[in-house]
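The structure appears right after this line, and notes come after that.
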Amino acid sequence: MAYWLMKSEPDTFSIDDLRKLGVAGWDGVRNYQARNFMRDGMKKGDKVFFYHSSCPEPGIVGIATVAREAYPDPTAFDSKSPYYDPKSDPQKPIWMGVDVKFVRRFKRVISLEELKQEPRLDGFTLLRRGNRLSVMPVSEEHWNAVLELE
DNA sequence: GCCAACGTTGGC
DNA sequence: GCCAACGTTGGC
């Protein structure tokens, strides 16, 4: 089993939205590297840190699990979707997403600031300068170090 | 294949 | 709203 981190802007889709839905499609990813992680890496049962970005307190807010492995992102074919991509042909889809299932919400936000201060998280992809990946792998060591901050 | 211009992400 | 750091696009 592998560990991952997925970013979402809480104004668009928050951990509470996922809690309400139970299971949700992680759609709208339009970056090849992030797509490749979902398509080639994510397996059912993998664990996922849910990260809130572009908000007053960016940080890791809870845990989800992969409920369904990668399949074509339907929003890419929907001309009314903000994620519509006319280059993605349903016969040969460019963009993929997974389904994620709510596991739990942390009692408090483990903030980006706090993550940066934890020596055991040196080298964590999330903290790399200029990192903009919205889906990334997390090592077991980093996963455990984050959990111990809760 | 190079690279300038442009667009996006995301913290601050 | 600013801007650093990328990724993408398109002319050549």
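The chains referred to below are lettered A, B, ... by the order of the sequence lines, with proteins before strands, and numbering in each begins at 1. What you see is a predicted model, and the numbers here were worked out from it, not measured in a lab.
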Point to revise | Under 3.5 Å side-chain donor-acceptor pair for Thr75(A) and Arg30(A) | key: yes
Point to revise | Residue Arg132(A), side-chain atoms from C-beta onward, closest of dT8(C), dG11(B), dG7(B) | key: dG7(B)
Check your understanding: Closer than 4.0 Å, any side-chain N/O of Lys7(A) to the OP1 or OP2 of dT8(B)?
Key -> no
Review point. To the nearest Å, how far apart are Arg128(A) CZ and dG11(B) C1'?
Key: 16 Å
Exercise for review: Measure the distance from CG on Leu126(A) to P on dC6(C) and round it to the nearest whole Å.
Suggested key: 14 Å
Exercise for review: Using whole Å, report how far CD1 of Ile60(A) lies from P of dG10(B).
Suggested key: 14 Å
**Study point:** Gap between atoms CG and C1', on Asp11(A) and dT9(B) respectively (whole Å)
**Key:** 15 Å
**Study point:** Closest to the Leu112(A) side chain, choosing from dC12(B), dG10(B), dG7(C)
**Key:** dC12(B)
Review point. When rounded to the nearest 0.5 angstrom, what distance separates CE in Met1(A) from OG1 in Thr65(A)?
Key: 8.0 Å
Practice item. Let me know the distance between CG of Asn131(A) and P of dG11(B), rounded to the nearest Å. Key: 10 Å
Exercise for review: Calculate the interatomic distance between Glu9(A) atom CD and dC12(B) atom P; express it in whole Å.
Suggested key: 15 Å
Practice item. Give a yes/no on whether any side-chain N or O of Tyr83(A) is located under 4.0 angstrom from OP1 or OP2 of dT8(B). Key: no
Practice item. Ignoring hydrogens and angles, tell me if any N or O in the side chain of His142(A) forms a donor-acceptor pair with the backbone of Thr125(A) under 3.5 Å. Key: no
Review point. Do the side chain of Asp46(A) and the main chain of Ala2(A) share a donor and acceptor less than 3.5 angstrom apart?
Key: yes
Review point. Can the ring centroids of Tyr32(A) and Trp95(A) be said to lie less than 6.0 angstrom from one another?
Key: yes
Exercise for review: Classify the nucleic acid contact of Ser54(A) as base, sugar-phosphate or nothing, counting any heavy atom under 4.0 Å across all strands shown.
Suggested key: base
Revision key, fill the gap. Between NZ of Lys116(A) and C1' of dC12(B) the distance, given in whole Å, is 9 Å
Practice item. Whole angstrom is fine here: how far is it from CG in Leu133(A) over to P in dG11(B)? Key: 13 Å
Check your understanding: Which listed nucleotide (dG10(B), dG11(B), dT9(C)) is nearest to the side chain of Lys87(A)?
Key -> dT9(C)
